[in-house]
Structure formats: C-alpha cells, structure tokens
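Just so it is clear: chains get the letters A, B, ... in the order the sequence lines come, proteins before strands, and each one is counted from 1. Not measured: the values here are computed from a predicted model.
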There are 2 protein chains.
Amino acid sequence: MSRANAGTKGVPRADRELQILRAACEVFGTMGFAKASVAGIAADAGISKPLVYQYFGSKEGLFLASFNYGAETLAAEMERVAADDSVGVERGLHTLDGLFRTLEPQPWLWRLLFDPSAPDDGEVAAARAVYTDRITRLAVEGVGELMRLVGDDDPLDASALTAVWMSAVDALITWWLDHPGVTPTQMTERCHRLIIAISGAALPAELPAEGGVRRQAERSSLRA
Amino acid sequence: MSRANAGTKGVPRADRELQILRAACEVFGTMGFAKASVAGIAADAGISKPLVYQYFGSKEGLFLASFNYGAETLAAEMERVAADDSVGVERGLHTLDGLFRTLEPQPWLWRLLFDPSAPDDGEVAAARAVYTDRITRLAVEGVGELMRLVGDDDPLDASALTAVWMSAVDALITWWLDHPGVTPTQMTERCHRLIIAISGAALPAELPAEGGVRRQAERSSLRA
DNA sequence: CAGGGATATGACCTTTGAGTAAGTTACCTC
DNA sequence: GAGGTAACTTACTCAAAGGTCATATCCCTG
C-alpha cells in the first residue's frame, strides 16, 4: 500500500525513452544542464525519477543522449548545406536558412549544443569534442573559402573569423527565439539585408590611431 | 584552543573587501556564478568563509559587488569611446580597441557581464538590467548610425544587427582570451582586416532560392 | 496457472555547498 | 588595565538534488 502507484503500465521501453528524451531536450536546452533537475524532467515526461535512472543511468547519461540527438540533427543539416556548391557569404546564408528551418519545431536544440554548464569531462566532453570538430570543420571550410576570395591568408585571421561567424549564428538564432512569429524565410531575408548593410558601410583604408593615453579604470564603489 | 587561528589580524575592512572582491571577480568570471563556491573564493583570497558572509552578506551579494565593479569598468570605457565622433564600422573598431585594452589586465571581467548561470531575479537581475540597458543603448546607437548610412530603416533589422554585433564582440574577446600573447593592438588590426574581408566578399543581389524540399530530421540513435 | 522478466514507484541515503552560531584575538579608548 | 568593538576562525545546521533500494504490477511463456 505504500508504493501505491507502482507496477508496469505496459509502455515499452523505446517509447518511454523517446518520451523522456523529448522532455530532457527541452529542459536541458532551455535551462541548461546545471539548472535542470532530473526529478523535474521526470515530472515533465509524466513518469518518476527512478525510471529515468533505470533507462539513462545518470543525469550525465541523460544529457549525453539529449546532446547526441540535438547535435546529430544540426550537424547533419549543416553538412547537407555544405555539400551544395555555394561559397563565401552565400554559403553562410544558406547555412542559416537551413538552421532556421531545422530549429523551427524544436528551437531549444541549439542551446543544447553550446551549453556552458554542461560537464567538461567524461563522455559528454568527448561527444562535444566530436560534434564541435564536425561543425567547426564546416565553418572553417566556409570561412577559408571566403578568406581566399578576398586574399587574406593569415590562418589566425581565419580562426578568429570562424569564431565570429559561429557566434553570429548563435546570436541570430537567439534573436529569432526572442521574436516568435518571425518565419524562417523572413529570418533568412533579414540576414541577407544585414550582410549587405555591413558590406555597404564604408571603411577608411587606414585605421586612425586610438588607444594612446589610457585612464586607470576608476575605483568604483565596491558595494551595491 | 578549538578556534586556534581565530582573532583579528589587523587588516581593515576596506582592504579585505578589495582582496575578496578581486578573488571573486576572477572566480566568478572564470567559472561562472553557479560553479563558483564561496568557500573556494575565500580560500583564494586567503581568508575564511564567514568573513566573506560578514562583509558581503551572501553569495549573491558577493556576485553583485563583482558584477557592479566589472560592469561599471566596461560600461565606462564603452561610453568613453562612444563620446568620440567616429561612426559606423570605425566606431565599432574603436570600441573593440578600448575593450581589448581595458580587459588586458583582468580579462575575466567580460565573462562576468554575460554570465548565464547568474541568478535571474532579485538585485542581481536589477543590476544586470541597468547595465545591459546602458551597454545596449550604445550598441543600438552605433548600429543605428550604420543602418542610416546604408539606408536600411527596418527597426527589427537594427535590433538583430545589434544582437549580432554584441555577440561578435563577445566572440572576439573570447578568441583573444584563448590566444594569449596577442596584444590589444594586434587584435584591433585583426578586427580591421576581418571587416574588410567580410565587406570584400561579393554577394549576389538576389538570394538564390533555398529551403524548398525538407527532409525530416532523421531518427538518430537515442543512446550514446 | 506458476514464475520470470520488464515496467514502474515511494521512500530512502548521500553528497555538496550555502549560510550560521559561537567563540578568540587584537586594538583602541578612557 | 578594564572593557567595548572590529576582525577572524572552527565547527556546525540545513536544504536541494543526484542516486539507490525494496517493493508492486503486469504480461508472456511453458
């Protein structure tokens, strides 16, 4: 009588796993690994905590499964776009377009990929390394093409621009998440306009000197 | 005899506060609010945990003080640059230059500003709102000038580009943190080249159609 | 229809880290 | 030099969340 609701409900393991995984993706992607609680995910999935542990072993194991699902979905989409023959900025826009469309039904997958609160060791770190490599490779390739186009062959420049590009993608997706109702098509068009705006803004060939005299950062009030 | 090392060491409160604050800024900025432990910060500062609580009240209070210090330092620098008369891309580069120089001695201050694991309510949230407003205002202003320069007057475009710009700043600083030995001056020059590269890459006036047929995201393996 | 295995749970154990109580030492003032 | 106050510590409490245990129900097979 103490374990009142115990006993099987006849749902096969594969179904439950999917059910748990869906809830986990949303919670981990929305709140991040650290703030998410296994009990909360179990509640969202409509089952109890021990079942999660029985099927996924640990919080880390559950996150790993969620991460793998999300990362695979997104990496596959990016590779699909990369296989096309567009180059430079156009390739970048196609990638964004593909991501917007892939993320539309489950936008939180994106956050899963770059969760700073996820454990940085063990299997999770290994999986992240695999997918980061896979995605960074694509970005490096695209940026490399662009740099070749304009005659800049400094490898550190390419590395930095890759970082900027990936971060810009992140920012655009985040902005999109914050503006519900904007369709993927509208977002892609917006990105197109933004690129044109940046390209169009004139820039002096030589940068005027700056940063000579420097104040010491003022000793601001320490307390609130 | 039980409290062997107790008793004052004659260090005045203001000195200790500064000492604790320095350690806190580095730890919070490096590991983030959630992963940081008060005991760890106390150890780094060379004192014991209760003294931290006596002077700062709570972990949140300590973070708030750290945040205010870092945010004030950086906001002041950005406002200083904004007061100059450069516009568009040039203004952006000057802002980056100022940030690189300000962050050189204490790079972790940057991470403090955008810590996703920081509490999102209470005084910390209020302080973040204040500084986010202050900094975003500058970015919006700069982006607005640029958009006017190129004739794009869609306010949502400006909003999105602001997000991209702030994220690009973040990416460049992060990249810089990952490449020790690169001087602020070298970084500013690199940013200059990157802008030129992006501007220089040709772009078709009309975007080729993309995103028609869509595969369903494949049902990838659920487990690791 | 006996029993083994898969599905399921309430109650528990354990660890971690925020926060506190209470005592100790030094200095400063009268 | 008595006593008040500021500086400082050890040793604790407590809550939250990860993880486990013992048990309950169902279904399938011989």
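Closest-nucleotide positions on DNA chain C for A:Ile47 and B:Lys35 were compared, and the one nearer the 5' end corresponds to A:Ile47. The residue among A:Val11 and B:Ala34 whose nearest nucleotide of DNA chain C lies closer to the 5′ end is A:Val11. The 5' end of DNA chain D is approached more closely, in terms of each residue's nearest nucleotide, by B:Gly46 than by the other of B:Gly46 and A:Phe33.
Side chain of A:Ser167 to main chain of B:Ser167: a donor-acceptor pair is present (N/O by atom type, distance under 3.5 Å, no hydrogens or angles).
Atom-to-atom, CG of A:Leu62 to P of D:dG19 comes out at 10 Å; the value is rounded to the nearest Å. As rounded to whole Å, 11 Å separates atom P of C:dT7 from atom CD1 of A:Ile20. Per the geometry, NZ belonging to A:Lys49 stands 14 Å off P belonging to C:dC13, to the nearest Å. One interatomic measurement links the two molecules: OH of A:Tyr53 to C1' of C:dC13, which rounds to 13 Å at whole-angstrom precision. Distance B:Ile41 CD1 to C:dG19 P: 12 Å, rounded to the nearest Å. Remark: P of C:dG17 and CE of B:Met31 are 9 Å apart, rounded to the nearest angstrom. Atom NZ of B:Lys59 and atom C1' of C:dT20 are 17 Å apart (whole Å). If you take CG of A:Leu51 and P of D:dC21, they are 16 Å apart, rounded to a whole angstrom.
At a threshold of 4.0 angstrom between heavy atoms, the contacts of A:Ser48 include nucleobase atoms, whether or not backbone atoms are also involved. Using a 4.0 Å heavy-atom distance criterion, B:Ala42 is classed as making no nucleic acid contact.
Phosphate contact (OP1/OP2 of D:dA6, side-chain N/O of B:Arg16, threshold under 4.0 Å): absent. A close approach under 4.0 Å does not occur between any side-chain nitrogen or oxygen of B:Lys9 and OP1 or OP2 of D:dA7.
Of all the heavy atoms in B:Leu172 and B:Met187, the pair that sits closest is O-CE, 3.8 Å.
In the set D:dC8, D:dG19, C:dT9, the nucleotide with an atom closest to the side chain of B:Tyr55 is D:dC8. When the nucleotides D:dT9, C:dG17, D:dG19 are ranked by their closest atom to the side chain of A:Ser58, D:dG19 comes out on top. Ranking C:dG19, C:dA8, D:dA7 by closeness to the A:Thr8 side chain, first place goes to C:dA8. Set against C:dA11, D:dG19, C:dA8, the side chain of A:Pro50 has C:dA11 as its closest nucleotide.
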Before giving the answer on side chain to side chain contact (heavy atoms under 4.5 Å, CB included), spell out for B:Phe67 and B:Phe28 the whole-Å C-alpha distance, their side-chain angles and the decisive distance to 0.1 Å. CA-CA 9 Å; B:Phe67 176 88; B:Phe28 281 135; over 6 Å; no
Could you go through the side chain to side chain contact (heavy atoms under 4.5 Å, CB included) check for B:Val169 and B:Trp110 one step at a time? CA-CA 10 Å; B:Val169 171; B:Trp110 182 257; 3.6 Å; yes
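Remark: A:Asp154 engages B:Arg190 in a salt bridge, criterion side-chain N to carboxylate O under 4.0 Å.
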